[in-house]
Amino acid sequence: MKPFIVTELEAGKLPRWALLLLCALYVLPGFIGRDPWRTQDAAGFGIALSMIRGDAADWLMPNIGNLPVPSEGPLPFWIAATIGKLAAPLVGEHGGVRLAVVALLALALVLVWYTTYGLARRPGVQPSDPFGASASNVDFGRAIADSGLLVLMATFGLLVRMHETTADPAQVAWIAAFLFGCTLALERPAAGAAIAGAAIAATLLSRGVGTAVALLLVLVVLPLVSRAYRLVGWRMLPLAVAVAAAGALPWPLLLAGGEAAERGHLLDWAAWNLGAIAGPTADSLGYFARTIPWFYWPAWPVALWAAWRWRGRWGEPAVALPMLTAIALALRALASPSGGESWLLPVTVPLAMLAAVGMPTLKRGIVSLIDWFAVTSFSLFGIVIWAYWIALMTGFPPRMAYRASQIAPGFTPEWIAVEIALGGLATLAWLALVRWRISRQPRMIWRAMALSCGGLVLAWFLLMTLWLPVFNERNTYRDVATRLAAAFDGQDACVATQDLERAPRASFHYFARMNFAARGDRCDWLLIQDDGPLARTVPSPQPGWSLVWQGQRRSDRDERFRLYRRDAERSRPDAR
């Protein structure tokens, strides 16, 4: 590692009001003024909703309207259901669950900042100071922490998944808490180990055994590669393991000591855990190869540069901790036999922290490349978002208007003055940021990520203001659920299902308050979902049942729902 100098100007802090505004614009849009969206968003909300409306068994065994979901741990939904139930009188059940996700996302951002700040203040990563002109360790640590937070918010793959009511925002928060605990342990081993152990327990109760084991391996390997962790490892590891066990074991033990349903759920959860680490396949490796380059942009090139630039000091906690955590979580993702963004998300936190450590050593050419890409791509995104929205509103030009209308067929556009004003202000703010960056050529460490983060926030804000009614129309089941509920004519009936997926099941449970059958129940109503070409054919008769209603969302002709009522004194086929 060659010496580098960071002056007071280069360590200048990002104004707190600007950082807080960026965080607010990153966190809040996407949670306001919309319904549960298919598919993961509605499904995750459905688990929390079943807990809100259900009994102790629903809290113990995650389900969506009596459909068991053994692939999900209960902790994120315990949090969502608790906040959702308390806030429901004010903002409704969905609004309360979204508040929980907002809180978890905000917690993750706060923990990332303080973790990066704590690591960057350590002597081993401080810049050289041969003439007494370098920034103080406080200023340097604050600039690196600002950079790490900007890198995290600029990461492409994180944005959408963090605004869904799933377990993913909670898992990102647990990874941030684990890294914070490991950082705190360097000065306060007991407190840091307790936090890291609690984060491991929370991970096991959220994303299963595989990710929790990956974090435990980080605790084992850290003292082997870092002298700083060797000094505290003998106190840190045993306490962290004890806290992790104490936090993680009660839930599976309650299931194991329960009745047949609880024991069956535990076995299904264990089987899912084994299947989730069954090893890579050609399909999963192909998925990761296609997804990783854009998913981790712009964090991955800067993180690789940081690993190379600090190659002589990999034992420093600021390098060793995020690097080992990123490697362990990446290996855990690759162990999955099926690709999925949920496995990639946890890596974003340590990757952003590692990239932040490399920011002071970035060459001007790399900074210019990142800035050029951000200005070009996000300016183009903004133009496209505005152009297609204007075409949708005005019908001109016709070709663009037609393409825009196909996003949500049948949707009637309306002018939304407040959203237009907010979108205009956001666009002006982006232009001001570009002008400031280009004209003043600031030298602050975080400058390379200012445009990337600001551009992504702009694109997301425009989509979640101007286009929100269109996306809501495309992704909600509200209308079809209302029509389905009307077919019951006010009856509080038991409904069996066949091939009904998680997202519509959760939405019908929410909007229509449908009482779905548990396994073994005998019901007089049957709801069937057809997908693909089958949804466009004439439905075949169901012996013993009479077709009462059929319908579908206007935006999806490859999905149809059929409601049947049992004929008197006749039997029905198996339904599940």
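Atom set for the values below is all heavy atoms of this structure, side chains included, hydrogens, waters and symmetry mates excluded.
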Are any non-hydrogen side-chain atoms of [X] and [Y] less than 4.5 angstrom apart?
| X | Y | result |
| --- | --- | --- |
| Trp59 | Pro74 | no |
| Arg562 | Leu527 | no |
| Leu105 | Val172 | no |
| Arg502 | Ile47 | no |
| Leu456 | Phe378 | yes |
| Leu22 | Tyr26 | no |
| Phe561 | Gln550 | no |
| Arg207 | Pro346 | no |

Side chain to side chain contact (heavy atoms under 4.5 Å, CB included) evaluation trace for Phe461 with Leu458: CA-CA 5 Å; Phe461 188 82; Leu458 165 74; 5.8 Å; no

Can a side-chain donor-acceptor contact be found between [Y] and [X] if the only test is distance below 3.5 angstrom?
| X | Y | result |
| --- | --- | --- |
| Glu473 | Ser555 | no |
| Trp386 | Thr427 | yes |
| Gln552 | Arg557 | yes |

Heavy-atom donor-acceptor pair, [X] side chain to [Y] backbone, under 3.5 Å:
| X | Y | result |
| --- | --- | --- |
| His163 | Gly30 | no |
| Asp558 | Asp531 | no |
| Asp168 | Met162 | no |
| Trp113 | Leu149 | no |
| Trp460 | Pro29 | yes |
| Arg474 | Pro469 | no |
| His265 | Pro68 | no |
| Asp58 | Asp55 | yes |
| Ser452 | Met449 | no |

Thr476: partners by side chain to side chain contact (heavy atoms under 4.5 Å, CB included), with sequence neighbours left out: Asp35, Asn472, Arg478, Phe511

Which residues share a side chain to side chain contact (heavy atoms under 4.5 Å, CB included) with Pro350, sequence neighbours left out: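 Once residues adjacent in sequence are excluded, the partners of Pro350 under the side chain to side chain contact (heavy atoms under 4.5 Å, CB included) criterion are Ile175, Leu179, Pro322, Thr325, Ala326, Leu329.
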
Derivation and outcome, side chain to side chain contact (heavy atoms under 4.5 Å, CB included), residues Arg554 and Asp479: CA-CA 9 Å; Arg554 290 180 296 182; Asp479 290 342; 4.1 Å; yes

Is NZ or CZ of [X] both nearer than 6.0 Å to the six-membered ring centre of [Y] and within 45° of the ring axis?
| X | Y | value |
| --- | --- | --- |
| Arg332 | Trp343 | yes |
| Arg505 | Phe516 | yes |
| Arg553 | Tyr477 | yes |

Testing the basics here: between [X] and [Y], what is the closest heavy-atom pair and its distance to 0.1 Å?
| X | Y | result |
| --- | --- | --- |
| Trp467 | Ala404 | CH2-CB, 3.9 Å |
| Val548 | Ala487 | CG1-O, 4.2 Å |
| Asp41 | Glu164 | OD1-CA, 3.4 Å |
| Pro62 | Leu60 | CD-O, 3.6 Å |
| Ala485 | Ala512 | CB-CB, 3.7 Å |
| Val347 | Tyr296 | CB-OH, 3.3 Å |

Check: Tyr510 ring centre within less than 6.0 Å of Phe45 ring centre: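 Distance test on ring centres: under 6.0 Å, yes.
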
Stepwise side chain to side chain contact (heavy atoms under 4.5 Å, CB included) check, Ile52 with Thr82: CA-CA 7 Å; Ile52 292 173; Thr82 301; over 6 Å; no

Under the ring pair (Phe, Tyr, Trp, His ring centres under 6.0 Å) test, residues paired with Phe288 that sit two or more places apart: none

Salt-bridge criterion met for Glu93 and Arg53 (N-O under 4.0 Å):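 A salt bridge links Glu93 with Arg53.
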
Side chain to side chain contact (heavy atoms under 4.5 Å, CB included) assessment of Leu215 paired with Thr203: CA-CA 9 Å; Leu215 297 182; Thr203 293; 3.7 Å; yes

Reported CD-to-CG distance for the pair Gln529 and Leu534, which is rounded to 0.5 angstrom: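 Interatomic distance, Gln529 CD to Leu534 CG, rounded to 0.5 Å: 10.5 Å.
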
Spacing of Glu341 atom CD and Thr348 atom OG1 [to the nearest 0.5 Å]: 11.5 Å

